[in-house]
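Everything below concerns the one structure shown next.
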Amino acid sequence: ETGVTQSPTHLIKTRGQQVTLRCSSQSGHNTVSWYQQALGQGPQFIFQYYREEENGRGNFPPRFSGLQFPNYSSELNVNALELDDSALYLCASSVDNYEQYFGPGTRLTVT
Amino acid sequence: GDSVTQMEGPVTLSEEAFLTINCTYTATGYPSLFWYVQYPGEGLQLLLKATKADDKGSNKGFEATYRKETTSFHLEKGSVQVSDSAVYFCALLSTSGTYKYIFGTGTRLKVLA
């Protein structure tokens, strides 16, 4: 059974640019959640997708958006990057909103 | 809303010392509770979990008991090793609205040889 995978592992962007992060869910999982972990902090919930629809959102501005595809993989898009967007972005998948399994994360640095 | 509070770090211990990291929570209902560990530069690894009151989660010598009466889920280990040095996060699976994890701020543990 393949676990949750994320790409890329690291990337560096400039303030004002746009970025897309990708996540492949664990086999059989239909729900994907995204979290942002700033340096020295616990992860914060960004949003969740269930069967290709947004199913809930945390306290993040609209420039954070996402997609879930028919194969349940997902993307996180961030527009107009700010320095404070520098963080580890974690994807987690689950079956029908229960226990979530985390990927290794993508570390984003905004300069 | 739901929340998790865990003790501030860093915690510095000598090898073979006893470890306790306190965690308390506020939640609607009886959420599942988790401890995650994060090594430098890495993602989150599930350490242990408990899904109902009085359950004890255990793994790799770590233990935590779900205490409904004190809304606590303290992490303990009888004898720490240098390799246990990491950041530990307490979390709950919130069922208020969207099912999502609520994490504490993390406790850094440093074990000295």
Side-chain angles (χ1 to χ4, degrees), chain A residues 3-10 21 23-24 26 29-51 53-60 64 66 68 86-109, chain B residues 1-10 21 23-25 27 29-52 55 57 59 66 73 75 86-110:
Chain A
V4 180
T5 59
Q6 294 186 241
S7 62
T9 305
H10 298 88
L21 311 181
C23 171
S24 291
Q26 189 163 319
H29 287 190
N30 56 13
T31 304
V32 174
S33 303
W34 286 90
Y35 295 80
Q36 180 197 64
Q37 185 182 12
L39 192 64
Q41 301 295 316
Q44 299 288 319
F45 175 71
I46 302 174
F47 47 55
Q48 182 181 94
Y49 279 80
Y50 174 66
R51 296 186 176 180
E53 298 285 333
E54 188 177 290
N55 188 44
R57 190 177 185 92
N59 189 27
F60 282 81
F64 285 78
Q68 187 182 30
S86 294
L88 180 68
Y89 289 85
L90 296 163
C91 163
S93 73
S94 60
V95 178
D96 292 341
N97 281 334
Y98 196 56
E99 183 177 335
Q100 299 177 10
Y101 295 81
F102 285 85
T106 293
R107 189 164 299 280
L108 171 66
T109 302
Chain B
D2 296 354
S3 65
V4 173
T5 302
Q6 61 182 108
M7 64 188 287
E8 299 260 342
I21 301 178
C23 171
T24 58
Y25 67 90
Y30 303 105
S32 295
L33 302 175
F34 304 83
W35 277 99
Y36 284 86
V37 59
Q38 188 172 42
Y39 297 98
E42 297 187 9
L44 295 174
Q45 295 181 27
L46 177 64
L47 183 59
L48 53 84
K49 66 181 180 183
T51 58
K52 61 183 187 297
D55 265 4
N59 186 27
Y66 191 140
F73 193 54
L75 182 68
V87 180
Y88 292 81
F89 292 94
C90 184
L92 64 83
L93 180 57
S94 173
T95 57
S96 298
T98 303
Y99 279 48
K100 59 186 177 291
Y101 280 70
I102 306 293
F103 286 87
T105 53
T107 302
R108 181 174 299 279
L109 170 66
K110 184 173 182 180

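Per chain, numbering begins at 1; letters A, B, ... match sequence-line order. These numbers were taken from a predicted model, which means no experiment stands behind them.
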Can you tell me how the ring of B:F103 sits relative to the ring of B:Y101, calling it parallel under 30°, perpendicular over 60° and tilted otherwise? parallel
Under 4.5 Å heavy-atom distance to chain B, tell me which part of [X] shows up: side chain, backbone, both or neither.
X: A:F47; value: neither
X: A:Q37; value: side chain
X: A:P43; value: both

Here the pair of heavy atoms bringing A:Q100 nearest to B:K100 is NE2-CA, 4.0 Å
Closest non-hydrogen contact found for A:F60 with A:F45 is CE1-O, 3.2 Å
Under 3.5 Å, is there a donor-acceptor pair between the side chain of A:Q68 and the main chain of A:R51?
->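 Yes, A:Q68 side chain to A:R51 backbone: donor-acceptor pair under 3.5 Å.
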Between B:T107 and B:G9, is there a donor-acceptor pair closer than 3.5 Å when you use the side chain of the first and the backbone of the second?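 Absent.
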Problem set entry | B:T51 portion near chain A, given a 4.5 angstrom heavy-atom threshold |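 For B:T51, side-chain heavy atoms alone lie under 4.5 Å from chain A.
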Let me know if B:F89 has heavy atoms under 4.5 Å from chain A in its side chain, its backbone, both or neither.
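Just its side chain gets close to chain A.
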One option among B:R108, B:Q6, B:Q38 has the most heavy-atom pairs under 4.5 Å with chain A, and it is B:Q38
